[in-house]
Amino acid sequence: MNKRLIGLSVAALFVTACSNEKEAAVEDITPDVEVSESELAPLWLEEVEGEKALEKVQSWNKSTLDKLTADPRFSQFQSDALDVVNATDRIPYGNYYGGYVYNFWQNAEQVRGVLRRTSLDSYSSDSTEWETMIDMDKLAADNNKNWVYKGTNCYDENYDMCLLLLSDGGKDAVEVREWSHATKSFVENGFVLPEAKSSVAWKDENTLLVGTDWGEQSLTESGYPFITKILSRGQALSDAKEIFRGEVTDVAAGVYMVEIAEDQKIMMAYRATSFFTSEYYWLKGDGTKPKLPIPEKSSPLGVFKGQLLVSLQDNWQATTDKTFSKGSVVSFDLKSWMESQKVTNAQLVFEPNSRSTTAGVNITKSKVLITVSENVVGRVMSFDYDSTWRSSAIALPENGTVRVTSSNSDHDLVFVNQESFISPDTLYRVNAKTSEIAVAKQSPARFDASNLVVEQFEATSKDGVKVPYFVVRNKDIAYDGSNPSLLYAYGGFNVSMTPSYSGIRGKLWLEKGGVYILANIRGGGEFGPKWHQAGLKTNRQVIFNDMIAVAESVIAKKITSPRRLGIMGGSNGGLLMGVMYNQRPDLWNAVVCQVPLLDMLRYHLLLAGASWVGEYGSPDIAEERAFLETISPLHNVEKESDYPSIFFVTSTKDDRVHPGHARKMAYLLEQYGHDFEYYENTDGGHSASANLKETAKRLALEYTYLAEQLMD
């Protein structure tokens, strides 16, 4: 919706949409692969909807539900969680464009949610009047479908013509159907794309740029589109004309439009050659496609006053006399490059220091806003360009995490959210041109934080690196190792873990006397590309050493003890949980392992796994496989060793990280007689369920498990 060049890093694909993943039979997934590891757990567990696999899942689910729902705390936890997720006084976050604030809203009555809009004046008032645009509950009932809303992609000349993204049960794969905000209905004979992890962009009001599953050999090894075609209104998909093609070995490839000046757009294409490397091309009208001369580890961010902004994840020698360091935001004259194919006027916009990073870049009509995280505390800076870049600070309170939730290059209205562990969210309305600030919305407190304090410490990792972590605790705790404590971490894909306000965590854990610890371990993006890249591939053990160091630090401080310490993480963090379960079972008494990767010798063969070899390394490369064998959780469980309890949480509809990972690990532990719990829901995809009642149930199960293991 924003008329700017989106930085199409493949990391974004990990979080959002991808290609059509048919639930293939296992023998189709691995036709010629040596799999001695299959002796640990049968491959039929990888059959997502296989009858035998689902019977096993249902058996595990029943055992876990029977145990945890019988705990008297469960019903209260579930009730409290429902109160939080269904609260009608939470902030209705929205995007402002075309004269309206759009918001997607779910509550107890609107389970699947509604897309609604209101005027800016009404949004800023205490009694906002909303106009419903799309009622997902009604749409699902009318279509007899398990529809989950995955967003809209609206044509930015009027914002009434939209592409509605509909997911079956929460999968990344979506069906795309054209929707009119003006009529609040599907467009008769409008654009329709069948279920796939498609990439789609508007070229003009009657033309789409489409990357999708075109049939045999049209998806990459990672399962994403690499062929883009141009589709005209009324034209059959089979008649669309190809305009760009990547390679089957790419992670993904696609085409999109870039506004380079008022009413002037060009077509750009990208090839994501790996998860962290991409190439960008200008698709000229004469059929040529000059390549942008930027590092493969970089992301174009948008055009502002003729300058193309670029975020660098690698050093860049832009000209013979100008070199920029990784982590910086830089710019150069785009039209000059288009004319000469040479970079001119390359300039530094912002360079973080060793303890800070760029957390976001947003382009408005008059300014560029850069969100900076310094020692994991956020601030927003405003930049303007007139032959050189000038900056000034936006005077937001310096407290916790800030993020821009809505911006658009059409105007200067920006919404900025601020939160901390114990201070609920405040949404500020900011005029980017004048830097004027006003409170737009504020969330009430969801738990009693009057006796809580937040501290930041550093642990020393095995190689001497200082690793920061936060501790949220009651100010009166005794330092005797008796405090039930939950340690959360992620450690991958350049994703930063920052202070956040969670009513669920506060109500179900902190209010009950629990301590919460957030670790900023390497692999994340807290301190820029170097912090992330330190743990790539065969260097990944440093990430695990960081996690161990944080645990040992809080134990040494007697904040907690192994008997009272639990850990939690999801997706890549689920891999972290599995490794910690194996490597240091003596440090914790509970492990919550959510939507995890656990079979690191087959992960690249399952769903989107092949796209992550840039992060983890490839099992098909001898040196990298040898390392993966040492950390793969499934392959490092010992039958005779003592392990803490572990709780696997996954989803049948997860078409990003295969549920077979959790299934196979649970199967192995069952064979070895090790203690575990297991819960697999039937919708929600890789993220939380789109059904808030199911989300509350899952959260109540997790916190009941933690209470039983750490508080009893």
Side-chain angles (χ1 to χ4, degrees), residues 1-4 6 88-107 109-110 112-139 147-166 176-187 190-191 200-202 204-205 257 259 262-263 302 360 362-367 369 403-417 425-434 436-443:
M1 281 176 254
N2 193 347
K3 293 197 290 185
R4 65 181 180 89
I6 304 297
T88 58
D89 57 356
R90 66 187 188 273
I91 295 177
Y93 291 100
N95 290 305
Y96 178 65
Y97 54 88
Y100 294 95
V101 178
Y102 287 82
N103 162 257
F104 185 71
W105 185 258
Q106 293 173 276
N107 58 25
E109 290 74 39
Q110 296 157 320
R112 296 177 188 272
V114 294
L115 179 67
R116 56 188 188 171
R117 73 181 183 186
T118 188
S119 68
L120 184 60
D121 287 342
S122 180
Y123 184 73
S124 301
S125 72
D126 293 332
S127 54
T128 303
E129 296 182 0
W130 294 98
E131 176 188 9
T132 296
M133 309 304 293
I134 303 170
D135 185 331
M136 290 299 300
D137 293 275
K138 183 178 186 304
L139 184 62
W147 286 138
V148 173
Y149 176 78
K150 286 285 186 172
T152 55
N153 179 346
C154 298
Y155 182 49
D156 59 15
E157 294 300 325
N158 57 31
Y159 296 110
D160 273 336
M161 302 166 58
C162 299
L163 300 174
L164 176 59
L165 311 182
L166 298 170
V176 180
R177 299 171 65 182
E178 188 176 4
W179 179 274
S180 169
H181 281 336
T183 64
K184 302 179 186 177
S185 63
F186 289 114
V187 176
F191 291 111
V200 59
W202 291 93
D204 56 49
E205 61 184 317
M257 301 301 295
E259 184 176 67
E262 190 72 27
D263 299 323
N362 297 82
I363 298 173
T364 74
K365 186 174 183 178
S366 302
K367 304 287 183 180
L369 301 183
R403 60 187 174 92
V404 174
T405 63
S406 174
S407 70
N408 196 299
S409 58
D410 285 340
H411 54 74
D412 284 314
L413 177 68
V414 177
F415 289 116
V416 180
N417 190 71
D425 298 46
T426 299
L427 185 66
Y428 293 93
R429 176 175 166 174
V430 179
N431 185 318
K433 185 176 182 178
T434 65
E436 292 177 289
I437 301 170
V439 174
K441 301 284 183 183
Q442 199 158 21
S443 175

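Only this structure's heavy atoms are used, side chains among them; waters, hydrogens and symmetry mates stay out. The first residue of the sequence shown is numbered 1, and numbering continues consecutively from there.
For the residue pair Ser407 and Thr364, the shortest heavy atom distance occurs at CB-CG2, 4.5 Å. Of all the heavy atoms in His181 and Tyr159, the pair that sits closest is CD2-O, 3.2 Å. Shown here for Asp160 and Ala182, the closest heavy-atom pair between the two residues is OD1-N, 4.0 Å. Heavy-atom minimum distance, Ser122 versus Ser125: O-OG, 2.7 Å. In this structure, Glu259 and Asp263 approach most closely via the heavy-atom pair OE2-N, 3.9 Å.
Looking only at atom types and distance, the side chain of Tyr93 has no donor-acceptor partner in the side chain of Asn103 under 3.5 Å away.
Panel note: side chain Thr118, backbone Thr128; no donor-acceptor pair is recorded below 3.5 Å. A donor-acceptor distance shorter than 3.5 angstrom exists from the side chain of Asn153 to the backbone of Val200, with no hydrogens or angles considered. A donor-acceptor pair is defined here as one N or O able to donate and one able to accept, closer than 3.5 Å; no such pair exists between the side chain of Thr152 and the backbone of Cys154. Between the side chain of Ser406 and the main chain of Tyr96, a donor-acceptor pair closer than 3.5 Å is present.
Distance check, rounded to the nearest 0.5 Å: CH2 of Trp202 to CD of Glu178 gives 4.0 Å. If you take CG on Asn362 and CZ on Arg403, they are separated by 11.5 Å, rounding to the nearest 0.5 Å. The CG atom of Asp410 lies 7.0 Å from the CG atom of Asp156; values are rounded to the nearest 0.5 Å. Remark: Asp425 CG to Ile91 CD1 distance equals 5.0 Å, nearest 0.5 Å. Note that NZ of Lys367 is 8.5 Å distant from CG of Asp412, once rounded to the nearest 0.5 Å. With values rounded to the nearest 0.5 angstrom, Asn408 atom CG is found 10.0 Å from Leu413 atom CG.
Side-chain contact between Leu427 and Val416: absent, with no pair of heavy atoms (C-beta onward) separated by less than 4.5 Å. By the 4.5 Å heavy-atom criterion applied to side chains, Phe186 and Leu164 are counted as neighbours. The side-chain heavy atoms of Tyr155 and Cys162, taken from C-beta on, include no pair separated by under 4.5 Å.
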Please test Leu166 against Leu139 for side-chain contact (heavy atoms from CB on, under 4.5 Å), starting from the C-alpha separation and ending with a verdict. CA-CA 10 Å; Leu166 298 170; Leu139 184 62; 4.0 Å; yes
For the pair Thr183 and Ser185, evaluate side-chain hydrogen bond (donor to acceptor under 3.5 Å, both in side chains) and give the outcome as yes or no after the intermediate values. CA-CA 5 Å; Thr183 64; Ser185 63; 2.8 Å; yes
Between Arg116 and Tyr102, is the side-chain contact (heavy atoms from CB on, under 4.5 Å) condition met? List the steps. CA-CA 6 Å; Arg116 56 188 188 171; Tyr102 287 82; over 6 Å; no
Chi angles and distances behind the side-chain contact (heavy atoms from CB on, under 4.5 Å) call for Val101, Asn95: CA-CA 5 Å; Val101 178; Asn95 290 305; over 6 Å; no
Verdict with supporting geometry, Trp179 and Ile134, side-chain contact (heavy atoms from CB on, under 4.5 Å): CA-CA 9 Å; Trp179 179 274; Ile134 303 170; 3.3 Å; yes
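In summary, Glu436 and Arg429 do not engage in a salt bridge, as defined by a charged side-chain N under 4.0 Å from a carboxylate O.
Remark: aromatic rings of Tyr123 and Phe415 are close, center separation under 6.0 Å. Aromatic rings of Tyr97 and His411 (six-membered ring for Trp) have centroids beyond the 6.0 Å cut-off, not under it.
For the pair Arg112 and Trp147, the cation-pi criterion (under 6.0 Å, within 45° of the ring axis) is not fulfilled.
Within a 6.0 Å radius of OH in Tyr100, no more than 12 heavy atoms belonging to other residues, nucleotides or ligands are found. The environment of Lys138 atom NZ is sparse: at most 12 non-hydrogen atoms of other residues, nucleotides or ligands sit within 6.0 angstrom.
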